[in-house]
**Q** 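Please read through the structure below; I'll follow up with questions.
In what follows, chains are A, B, ... by sequence order, proteins preceding strands, each numbered from 1.
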Protein chains: 2
Amino acid sequence: MTQTHAAPTAAGDIRVAVSTVIFSLRRDPGSDRASVVLPLVRRTRDPHEGAWALPGGWLDTAEELETAASRTLAETTGLAPSYLEQLYAFGDVHRSPTRVVSIVYWALLREGPLLAPASENVAWFDAATLPPLAFDHNHIVDYALWRLRNKVGYSRIAHGLLPELFTLADLREVYEAILGRDLDPANFRRQVENSGTLISTEQFRTGSHRPARLYRYNHDVELAERGPLPTEPHPEVLS
Amino acid sequence: MTQTHAAPTAAGDIRVAVSTVIFSLRRDPGSDRASVVLPLVRRTRDPHEGAWALPGGWLDTAEELETAASRTLAETTGLAPSYLEQLYAFGDVHRSPTRVVSIVYWALLREGPLLAPASENVAWFDAATLPPLAFDHNHIVDYALWRLRNKVGYSRIAHGLLPELFTLADLREVYEAILGRDLDPANFRRQVENSGTLISTEQFRTGSHRPARLYRYNHDVELAERGPLPTEPHPEVLS
DNA sequence: ACAAAAGTGTTGTACGTACACCCATGA
DNA sequence: TCATGGGTGTACGTACAACACTTTTGT
């Protein structure tokens, strides 16, 4: 890609991997606040064998980056993400015994049959209380959480964690779980109502106290503005 | 990095390059607005030979990503950046005849001896009117410009394009060049004065009409918040 | 009836914008 | 003295946080 350097001296010096930080929400009946959870995979190979790590794998030669992320995501959870975005390329020389550049994606998953991991080597963890992970994966998750919290402030990304129909309290719960603090229900209602991202239905959720109106996400507005990035068909279209 | 996939079938299938979008400002005496400029390198090798391309090169096995970006930046301009940040990892299968994943950085350069390119094969271009570039580099520059414009709105990054001492009009010019629209001098002054990022000096710039007070950048505040990213020594410390 | 969540109203503060106006210097 | 950019004052609109209040259900 340049005229100042020759091709790599020895082929295969640097390998490219793709990993994905997959966020979902668990509504813990015990706690009063929902918590952000993510699936991890137990390593069965040499570097950090036995340790928990982010789902991922080597990039295939003919495989797009985003496809690789979706693939490992499906292999781990059996689900398709409601949001998928590149997070960062981690390539520190000493992050692995051999030189590996990891293109890391982060994804949102709507609530579903979450607590049914595909295998014994997959488990869901609370994002706030992770054990020490393989490689620099603790650090990667920290950064992904930072991005998630940032993005929730200026985009509609929280909808990516909710099912088709939801109440305003549901949506507020998502914000509170991600931001880690309580929000004023009254002000929250107005903000989100005036944002144009919600379509109110005539259905209500009953069962406790006053029934709450159900809303639907307005698919005309993107979950997040990404600028002039490669506009491959996003998994987002599934939302 | 996973237990589900073996190591790459053939070593060297995928190569890793690092490129950098280097922004600076040119104060065109003809135009009434400064313009964003960037250096490009003419390719002397096979894919897209003769076309202009972003400065970059193959990643060395023992070289950090950010170091590689700084290196090609210095090779191209002879200067050290006042800001350097990873932009995105571009890895589309068909972006190059052979599979190349490019980790792209973007940088800001203070005004200096800009119009003295190191070689015949380096030239500065107006970012708004680029010729067709090699590979997907037009697309990459578009995305970098989008990030620059975004970031100028919520961070103090514009200071990275100015020398140590500057007037408020200088700073406003930077914002206007990046945003592409005029700003109210009165309101701009108050906004930036209340932001806590400026230290006013007792020096003034004379030469035309009423002298303007010179300001200094407050190094206590970061040019931009980057979250919990690898905190290697930033080039930013040079600012 | 009472608790609790859904939903509405009101008020104060902060901040961006528009624009009128004064100040200081070079020519 | 006059044109021009430096710098101040003021008024308006929007957005958000705080919080009092009404409504509607389950028990």
**Q** Between B:D184 and B:R189, is the salt bridge (charged side-chain N to carboxylate O under 4.0 Å, His left out) condition met? List the steps.
**A** CA-CA 8 Å; B:D184 185 314; B:R189 160 181 303 274; over 6 Å; no
**Q** First locate atom CH2 of A:W146, then atom CG of A:L148, and finally report the distance between them rounded to the nearest 0.5 Å.
**A** 12.0 Å
**Q** Tell me whether the centres of the aromatic rings in A:W106 and A:Y83 are closer together than 6.0 Å.
**A** yes
**Q** Check every nucleotide of DNA chain C for an atom under 4.0 Å from a heavy-atom of chain B, then give the first and the last such nucleotide from 5' to 3'.
**A** C:dG16 to C:dG26
**Q** Under 4.0 Å from any atom of DNA chain D, heavy atoms only: list the residues of residues 170-201 of chain B that qualify, in numerical order.
**A** B:R172, B:A186, B:R189, B:R190
**Q** Whole angstroms only, please: what is the CZ-C1' distance between A:R213 and D:dT23?
**A** 14 Å
**Q** Report the residues that fulfil salt bridge (charged side-chain N to carboxylate O under 4.0 Å, His left out) with B:E85, sequence neighbours left out, ordered by chain and then residue number.
**A** B:R147, B:K151
**Q** Measure the spacing between CG of B:L108 and CG of B:L84 and express it to the nearest 0.5 Å.
**A** 9.5 Å
**Q** Determine the contact category for B:T167: base if any of its heavy atoms lies under 4.0 Å from a base atom, sugar-phosphate if only primed atoms, P, OP1 or OP2 are that close, otherwise nothing.
**A** nothing
**Q** Ring pair (Phe, Tyr, Trp, His ring centres under 6.0 Å) with B:H159: which of B:Y215, B:Y175, B:F166?
**A** B:F166
**Q** Reading DNA chain C from 5' onward, which residue's closest nucleotide shows up sooner: A:F204 or A:H209?
**A** A:H209
**Q** With a 4.0 Å cut-off on N to O distance, would you call A:E176 and A:R181 a salt bridge?
**A** no
**Q** Counting only side-chain N and O atoms of B:S208, is one of them less than 4.0 Å from OP1 or OP2 of D:dT4?
**A** no
**Q** For the pair A:F135 and A:H137, name the ring-plane relationship: parallel under 30°, tilted 30 to 60°, perpendicular over 60°.
**A** tilted
